[in-house]
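Just below is one structure, and these are the notes that go with it.
Read the numbers this way: they start at 1 and go in the same order the structure lists the ligands and their atoms. Only this structure's heavy atoms are used, side chains among them; waters, hydrogens and symmetry mates stay out.
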Amino acid sequence: MKIAILSRNRQLYSTRRLIEAAEARGHEVRVLDVLRCYMNITSHRPSIHYRGEELETFDVVIPRIGASVTFYGTSVLRQFEMMGTFPLNESVAIARSRDKLRALQLLSRRGIGLPVTGFANKPDDIQDLIKMVGGAPLVIKLLQGTQGIGVVLAETRKAAESVIESFLGLNASVLVQEYIKEAGGADIRCFVIGDRVVASMKRQAREGEFRSNIHRGGSASLIKITPEERSTAVRAAQTMGLNVCGVDILRSNHGPVVMEVNSSPGLEGIETVTSKDVSGQIITWLEKHHKYGKTRTKGTG
Ligand code: ADP
Ligand code: MG
């Protein structure tokens with residue numbers, strides 16, 4: 001296969017491992033900085049230009065699009081799709097999962113376990129919003145946050161009210177969510193490829209912190225997941241339409257609940273903790289499933 005990897009930095013662990021895994025299997029790989037790609041969108045023959053030249057055609061494109069470049073990145077990916085290149089994850093599926101609210105709405109429609117969640121832009125009645133999701137303690141999240149930044153635990157109703165008020169005062173949209181205390185500061189990252197969880201790990205928040213993000217000092221370890229957690233992760237991936245993703249699950253009293261679905265899951269943590277060749281499995285999956293012009297949502301937005 002001729003593979004394009006959309007990544008801003010070829011030195012990143014995930015990018016390096018994907019290049020290694022692909023080349024080891026005899027594939028040709030080119031890394032492209034998505035922000036350097038530009039296109040003529042009115043042309044009848046879709047193409048992409050890169051640093052002054054027209055790009056050759058690729059069989060497969062692996063998007064590793066950072067949260068800060070979702071909008072432009074998914075537009076470039078869509079152009080690849082229009083040219084018939086098979087994407088590891090489709091542009092529409094990535095956009096869907098990046099919008100936390102849209103993702104939760106789609107997951108809830110499929111009956112997938114979720115923390116009780118409310119959403120507001122400018123509620124006239126913050127107290128009613130808090131009551132609606134079961135009262136304090138509550139987790140309040142900025143819609144655009146990543147790596148645990150913008151996620152706050154409000155222990156009391158008073159604290160919840162003032163945090164929500166200040167976020168809304170800054171014109172930020174917020175999610176207000178039931179606090180899953182019984183998870184004990186731990187969550188489970190399930191790495192899904194196709195219709196299987198190929199690896200999973202537990203992330204534990206450091207002492208005195210409820211957010212398990214590695215960037216917030218959390219630590220990762222091996223975990224054995226239950227069949228229910230496994231099927232929840234696979235159903236969440238399918239609902240988002242993602243072939244490869246990281247599904248983050250909390251163990252709650254009412255079963256596994258999905259917190260978020262990550263369309264560009266990092267490989268370093270999961271490969272280190274599990275000693276599994278996840279990168280190799282991604283390439284093997286592509287060998288089996290890639291097909292010219294097989295983007296399901298092609299042309300439908
Ligand atoms: P981000 O996108 O910034 O990673 P998350 O929604 O994943 O935001 O939240 C960050 C961390 O906070 C999670 O990994 C989890 O450990 C903790 N967390 C988030 N929501 C809840 C919740 N409803 N109950 C308990 N812990 C939570
Ligand atoms: Mg997270």
Q | Under 4.0 Å to a heavy atom of Lys141 - the qualifying atoms of ligand 1, by number | A | 5 (P), 6 (O), 19 (C), 20 (N)
Q: Flag Glu260 as yes when one of its N or O atoms lies below 3.5 Å from any N or O atom of ligand 1, and as no otherwise.
A: yes
Q) Among Arg189, Arg211, Arg203, which residue places a heavy atom closest to atom 12 (O) of ligand 1? A) Arg211
(Q) Measuring from atom CD1 of Ile126 to atom CZ of Arg157, what distance do you get when rounded to the nearest 0.5 angstrom? (A) 11.5 Å
Q | Numbered atoms and elements of ligand 1 in range of Lys100, under 4.0 angstrom, heavy atoms | A | 1 (P), 2 (O), 6 (O), 8 (O)
(Q) Side chains of Gln204 and Ser221: any donor to acceptor distance under 3.5 Å? (A) no
Q: Compute whether any side-chain donor of one residue and acceptor of the other, for Ser91 and Glu81, lie under 3.5 angstrom apart.
A: yes
Q: Of all the heavy-atom pairs spanning Val258 and Pro115, show the shortest one and how long it is.
A: O-CD, 3.3 Å
Q: Look at ligand 1 and say whether Arg216 reaches it with a heavy atom at a distance under 4.0 Å.
A: no
Q: Give the residue, atom name and distance (to 0.1 Å) of the protein heavy atom nearest atom 18 (N) of ligand 1.
A: Met259 SD, 3.6 Å
Q) For ligand 1, does Ile180 get within less than 4.0 Å through its side chain, its backbone, both, or neither, judged by non-hydrogen atoms? A) both
Q. What heavy-atom pair brings Glu229 and Ile249 nearest, and what distance separates the two atoms?
A. O-CD1, 3.7 Å
**Q.** With Leu143 via side chain to side chain contact (heavy atoms under 4.5 Å, CB included) - residues at least two apart
**A.** Lys100, Leu101, Phe119, Ser173, Leu175
(Q) Please state which option from Asp248, Leu250, Val176, Val116 has its nearest heavy atom closest to atom 22 (C) of ligand 1. (A) Leu250
Q: Can you check the number of protein N/O/S atoms within less than 2.8 Å of the Mg ion (ligand 2)?
A: 1
